[in-house]
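Below, chain A is the first sequence line, B the second, and so on; all start at residue 1.
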Amino acid sequence: MRGRTAGGGCPHTSFHSHTQMPHELPKSYEPGAIETRWADYWVQEKLFSVATPPEGETRPVFTLLLPPPNVTGRLHMGHMLNQTQMDIVVRWHRMRGFITLWLPGTDHAGIATQMMVERDLAKEGKKRRDLGREKFIERVWEWKKLYGGAILDQMKRLGASVDWDREYFTMDENLSRAVREVFVRLYEEGLIYRGKYIVNWCPRCETAISDLEVKHEEVAGKLWEIRYPVIGMDEFITVATTRPETMLGDTAIAVNAKDERYTHLHGKTVRLPLMNREIPIIPDELAQPEFGTGAVKVTPAHDPNDFAAGKRHNLPQIDVMDEHAHMNENAGAYAGLDRYEARKRVLADLQEQGFLVAEKDYSLALGKCDRCGTVVEPRLSEQWFLKIQPLADRAKEAVERGEITIVPENFRQVYLNWMNNIYDWCISRQLWWGHRIPAWTCGQCGEIIVAREAPAKCTKCGSGKPEQVSDVLDTWFSSGLLPFTTLGWPEKTRDLEVFYPNTLLITGFDILFFWLARMIMFGCHFMRDHEQDAAIKKANGDEGKNESKNDSVPFRHVYIHALVRDADRQKMSKTKGNVIDPLEIIERFGTDATRFTLAAMAAPGTDIAFSESRTDGYRAFANKIWNAARFMFMNVDRVEPGLRPTLSGTSVVLDRSRSQTLEDRWIFSLFNRVAKDVNEALAAYRFHEAANRIYDFFWGALCDWYLEFCKPRLNFEEGGDRENARIACANLVNLFEASLRLLHPIMPFITEEIWHKMYDEDPPNKSIALAPYPEMTESQVDLDAEVEMAILQDLIVSVRNLRAELKVEQKAKVPIELFSQEPAVWSLIRQNDDAIKRLANVESIVEVAQSKATQYPARSSARFDVHMIYEKKIDVAAECERIKKERERIDKEFANNQRQLGNEQFLAKAPAPVVEGLRRRSQELVVLIEKAKNKMEELGCS
RNA sequence: AGGCCCGUAGCUCAGUUGGUUAGAGCGCCUCCCUGACACGGAGGAGGUCGAUGGUUCGAGUCCAUUCGGGCCUACCA
């Protein structure tokens, strides 16, 4: 239900019926109902859906991909920060006239989703193997249908202006087809290979995981030294290990060839304790003389370095564990034991048999599964790998050459460092949920067939029904393709032509390598011959810099956002229990206030310590806006019912033809300045600057000064001029409307609500989101007005200041005497006599020919002296104290100025405006010092 | 082991290429329920910018060292 809260009556009923104001607004802003209403409206009206632009389109394009949240996910503060920033940038571009596409979707999240469903199954006492692969996958799809949309629904509450018609899921048929295509092409190009290598294995998830999915944790462990008897000699060789149970799989001892301590043992063998196996001593660089004893055990099946050494020396690989990290039949007497149990027994037995030499405290970086925390076990297994170097080279180049810019810039270096030290990527996972690898094994001859569709028979031996490999692909393999697959690849679609490369990517640094790096690798590889529509590329410009740029990159700009922490700067985590639920915050303060908080705190590169008190403050800001609107409506309804804004392009319309009051000139000047700053801030992702600038303008300038100045003009009934009131109203309405547009990207809901009301629910666009964004109009910047206003403000504040100090009753009006040496100041004060009286609570202003600065109570500025006529016992001591303090400050500054101005080096080297400014200030200071001195004398201060 | 970031008012944070008097929100103190708003208005207190040294006419800002806090990358047994 949209519509005014007052309901019922005709909005244009005449001004005489005082019972019914057309714009009746509640006294305070309640965001809840208003926000959900507009959130629904935006989705239902499909306001942000983008049709494929036809040939010949000449508008600039802005494309942004939503980093797909896991289907299993629930919205957290990180999402909200990310999405708020994206929405701000997206709304801003849309309002600036870009064809703006923001693509939403979710990620199938292999391990996470499988775990969720396995947990459900466990409640029924079942395991996934009880169901079998097909049934299990059906079950996952059911789960996805039921819960998978939750996070996207939550997004709607944030107001995210995405194109819901283009929502994707990484397991959609078209995206899956693209994944198969990519796999096959990479395989055909020789970039994907299969082989038996050591991978990171999670015994709980029962799958291989990539290097990135291993989190290292520094723990206090032990280093055990074990001695192996050298055969045929009365000697032992001692090695050190942190994982003694792996010694069961040792197939050699390595020593460094240059290590003279062991030269005499070259070519000898040792007897492996517990297993009673004879293994050689080999010279290999694996052993570093400086470390430990200089000799190292070699276990090719359980350690990546040992694996490599084993290859060099043709050593057997003895795998002593199974996929659950239990010891297997190769572990002899220890078969069947869990790895840690086996460790205990092995150590005990070694001890007993006299082979354990020492047990030392040792700090080691233990690798744990990112997903479940289980200690990762290096495991020898058959996996699929992506040869990364060729892809990384291009991906590196794209960033080095500036075809992709990264903000904040330090992440550029992080990215390049990583690319420079990259290893092949293990892309196969032993899971059921995910994109199954498009490869088949022939049961007959063992041939591996990689194909887009299931082959009917073996391509080599011709026997029937090859079986598809059971592994699926790493989830990031498919999400790395999204920038082009969501636009229709491998088809050469018009969408690709228009929207690729994406303009921007906003994401967190935590998936810099997982996702961002992979998108760049895949994009540069698969889109290498791509060219964006020339007209659109030109329209987009980037000041012309884009035109020479390569169009294979997945996006032209990257903005990396910070981490949201709790108010005590602690990282939020479920285990710590300090997670702030954004929806709960929204419930309490409103989405707008929450968004504003995140924007205002989002200085690039700095983590955000989310504090509710800030949000509370911004809720007050929303309320302030609401009440300023009430004030405006109240006056419009009284002065000129039915008055609407004169929406004209990107500027604010100032009616300069008739009334040109100082406050109008001033606020319009300021507005334009702010518009300029905000546009610049947003262009540089300086969200906090944009937010603060608008906040200060709206509250500190518009509400605190402009509206106060306007009041008498609007009040024509009390003898005012009705025409003047009309002009004031029109200007106020236009200014307000433009301010709403300026604020809209950050606070979309309240701005939408008020904006519609300004047009009596019949606005020129379906949404303020489709109205143009304000830009600076140079001609409306009015420096004189700004200077004049500053003098008036200074005067008013001075008088308020005196009143507060003398504790003059709030209601009492006092006369003041004013002096200035400048005729211009005189006329300024005369023209604004009424405003000064009202805002400073002054009864009368008497112009005096002689300064009364020395008579208490008085204040001075460089431009005027004001003396208040008020009979009250003066606290001479306190006043002296105040002046003294002020003088100290001025003296210090003056001394500093003189020192600099007396310095020839400074005069010679400092830029002219700085010297100029200092000189001007010095003159002011001389005046101020003189005034203060006189006053002190007058008062008889010591 | 290598790299990165942070340390500014009681709290949370701004302070773009070094340039005149270091800012904001919240909190605190005083006064005011004035017809947009007490989620408000007016005024005020509060900082030797972690420490030391250097570059410079000039440093919160640049450099070095150091202390404290955080993060990322790394196959050293």
Output a table of nitrogen or oxygen pairs between the protein and nucleotides 70-76 of chain B separated by less than 3.5 Å.
residue : atom : partner   : partner atom : Å
rG70(B) : O2'  : Arg565(A) : NH2          : 3.4
rC75(B) : O2'  : Asn305(A) : ND2          : 3.0
rC75(B) : O2   : Asn305(A) : OD1          : 2.3
rC75(B) : O2   : Asn305(A) : ND2          : 2.6
rC75(B) : N3   : Asn305(A) : OD1          : 3.4
rC75(B) : N4   : Tyr423(A) : OH           : 3.2
rC76(B) : O2   : Gln288(A) : OE1          : 2.6
rC76(B) : O2   : Gln288(A) : NE2          : 3.3
rC76(B) : N3   : Gln288(A) : OE1          : 3.4

Please produce a list of atom pairs where a protein N or O lies less than 3.5 Å from an N or O of nucleotides 28-32 of chain B.
residue : atom : partner   : partner atom : Å
rC31(B) : O2'  : Gln810(A) : NE2          : 3.4

Can you give me the N/O atom pairs linking the protein to nucleotides 44-47 of chain B at distances under 3.5 Å, or say none if there are none?
residue : atom : partner   : partner atom : Å
rG44(B) : OP1  : Asn801(A) : ND2          : 2.9

Report, one pair per line, the protein and nucleotides 67-69 of chain B atoms (nitrogen or oxygen only) whose separation is under 3.5 Å.
none

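In this structure, the nucleotide among rA77(B), rA42(B), rA36(B) sitting nearest to the side chain of Arg800(A) is rA42(B).
Across all strands shown, rC4(B) forms a Watson-Crick or G-U wobble pair with rG70(B), both key distances being under 3.5 Å. Within the shown strands, nothing qualifies as a pairing partner of rC49(B) under the Watson-Crick or G-U definition with both distances less than 3.5 Å. Pairing partner, rA24(B): rU12(B), with both Watson-Crick or wobble hydrogen-bond distances short of 3.5 Å. The partner of rC62(B) is rG54(B), by the rule that a Watson-Crick or G-U pair needs both atom distances under 3.5 Å. Of all nucleotides present, none satisfies the Watson-Crick or G-U wobble test against rC33(B) with each distance under 3.5 Å. Pair assignment for rC39(B): none, as no Watson-Crick or G-U wobble contacts are both less than 3.5 Å.
Straight-line distance from the CD atom of Gln905(A) to the P atom of rU56(B): 10 Å, rounded to whole Å. One atom, CG of Leu364(A), and another, P of rA77(B), lie 7 Å apart when rounded to the nearest Å. Counting to the nearest Å, the P atom of rU16(B) and the CG atom of Asn410(A) are 16 Å from each other. In this structure, Leu839(A) atom CG and rG41(B) atom P are separated by 14 Å, rounded to whole Å. Rounded to whole Å, atom C1' of rC4(B) lies 16 Å from atom CG of Asp510(A). Atoms CD1 (Ile754(A)) and C1' (rA36(B)) sit 11 Å apart, rounded to a whole Å. As rounded to whole Å, 13 Å separates atom C1' of rG41(B) from atom CZ of Arg803(A). We find that CZ of Phe709(A) is positioned 18 Å from C1' of rA36(B), with the value rounded to whole Å.
Spacing between rA14(B) and rU61(B) at atom C1', rounded to whole Å, works out to 14 Å. Taking the C1' atoms as reference points, rA51(B) lies 22 Å from rG58(B), given to the whole Å. A gap of 15 Å separates the P atoms of rA42(B) and rC37(B), to the nearest Å. Look at the P atom in both rG53(B) and rG10(B): the space between them is 24 Å, to the nearest Å. A distance of about 16 Å separates the C1' atoms of rU8(B) and rG68(B), rounded to the whole Å. Rounded to whole Å, the separation between the P atoms of rG40(B) and rG3(B) comes to 50 Å. Comparing rG47(B) with rC11(B), their P atoms sit 13 Å apart, to the nearest whole Å. Comparing rG7(B) with rC63(B), their P atoms sit 14 Å apart, to the nearest whole Å.
Side chains of Asn801(A) and Arg859(A): a donor-acceptor N/O pair is present below 3.5 angstrom, by distance only. Glu218(A) and Ser363(A) form a side-chain donor-acceptor contact under 3.5 Å, judged by distance and modelled atom types alone.
Regarding contacts with the backbone of rC39(B), every side-chain N or O of Lys27(A) stays at 4.0 angstrom or more from both OP1 and OP2.
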(request) Sugar-phosphate atoms are those with a prime plus P, OP1 and OP2; base atoms are the rest. Using that split, label each nucleotide of nucleotides 18-26 of chain B B, S or - for protein heavy atoms under 4.0 Å, 5' to 3'. (result) -BBB---SS

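In this structure, Phe291(A) and Tyr362(A) have perpendicular ring planes: the angle between them is above 60°, well past the 30° mark. Relative ring orientation between Tyr559(A) and Phe687(A) is described as perpendicular, the plane-to-plane angle rising above 60° on a 0-90° scale split at 30° and 60°. Below 30°, between 30° and 60°, or above 60°: for Phe621(A) and Trp699(A) the angle between ring planes is below 30°, a parallel geometry. A tilted orientation is assigned to the rings of Trp705(A) and Phe709(A), their planes being inclined by 30° to 60°.
Contacts between residues 585-594 of chain A and RNA chain B, defined by a heavy-atom separation under 4.0 Å, are absent.
Under the side-chain hydrogen bond (donor to acceptor under 3.5 Å, both in side chains) rule, Lys222(A) has a single partner from Thr242(A), Thr241(A), Asp361(A), which is Asp361(A).
We find that Arg920(A) and Glu924(A) are not joined by a salt bridge, their nearest charged nitrogen and carboxylate oxygen being 4.0 Å or further apart. In this structure, Asp306(A) does not pair ionically with Lys297(A), as no charged nitrogen and carboxylate oxygen lie closer than 4.0 Å. Between Glu843(A) and Lys813(A), no side-chain nitrogen of the basic residue sits less than 4.0 Å from a carboxylate oxygen of the acidic one, so the salt-bridge criterion is not met. Salt-bridge formation is detected for the pair Arg619(A)/Asp616(A): a Lys NZ or Arg NE/NH1/NH2 atom is positioned less than 4.0 Å from an Asp or Glu carboxylate oxygen. Salt bridge absent: Arg693(A) and Glu689(A) never bring a charged side-chain N and a carboxylate O closer than 4.0 Å. A salt bridge links Glu612(A) and Arg588(A); the closest N-O separation between the charged side-chain nitrogens and carboxylate oxygens is under 4.0 Å. Using a 4.0 Å cut-off between a side-chain N of Lys or Arg and a carboxylate O of Asp or Glu, Arg686(A) and Glu680(A) do not qualify as a salt bridge.
Using a 4.5 Å heavy-atom cutoff, the side chains of Asp370(A) and Leu212(A) are not in contact.
Heavy atoms only, all atoms of each residue included: Cys426(A) and Ser210(A) are closest at O-CB, 4.3 Å. Shown here for Ala562(A) and Leu81(A), the closest heavy-atom pair between the two residues is O-CD2, 3.4 Å.
Residue contacts shown for Ala622(A) are absent, as no nucleic acid heavy atom lies under 4.0 Å away.
Mapped onto RNA chain B by nearest heavy atom, Ala295(A) and Tyr29(A) fall at different nucleotides, with Tyr29(A) at the one closer to the 5' end.
The backbone N or O of Pro26(A) sits less than 3.5 Å from a side-chain atom of Trp626(A), completing a donor-acceptor pair. The backbone N or O of Phe631(A) sits less than 3.5 Å from a side-chain atom of Asn635(A), completing a donor-acceptor pair.
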(request) Show the numbers, then the answer: is there a ring-ring contact (aromatic ring centres under 6.0 Å, His included) between Tyr618(A) and Tyr695(A)? (result) CA-CA 9 Å; Tyr618(A) 295 124; Tyr695(A) 181 96; 5.6 Å; yes

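The aromatic ring centroids of Phe736(A) and Phe698(A) lie less than 6.0 Å from each other.
In the interface, the side chain of Glu225(A) is not paired with the base of rA77(B) through any donor and acceptor atom under 3.5 Å apart.
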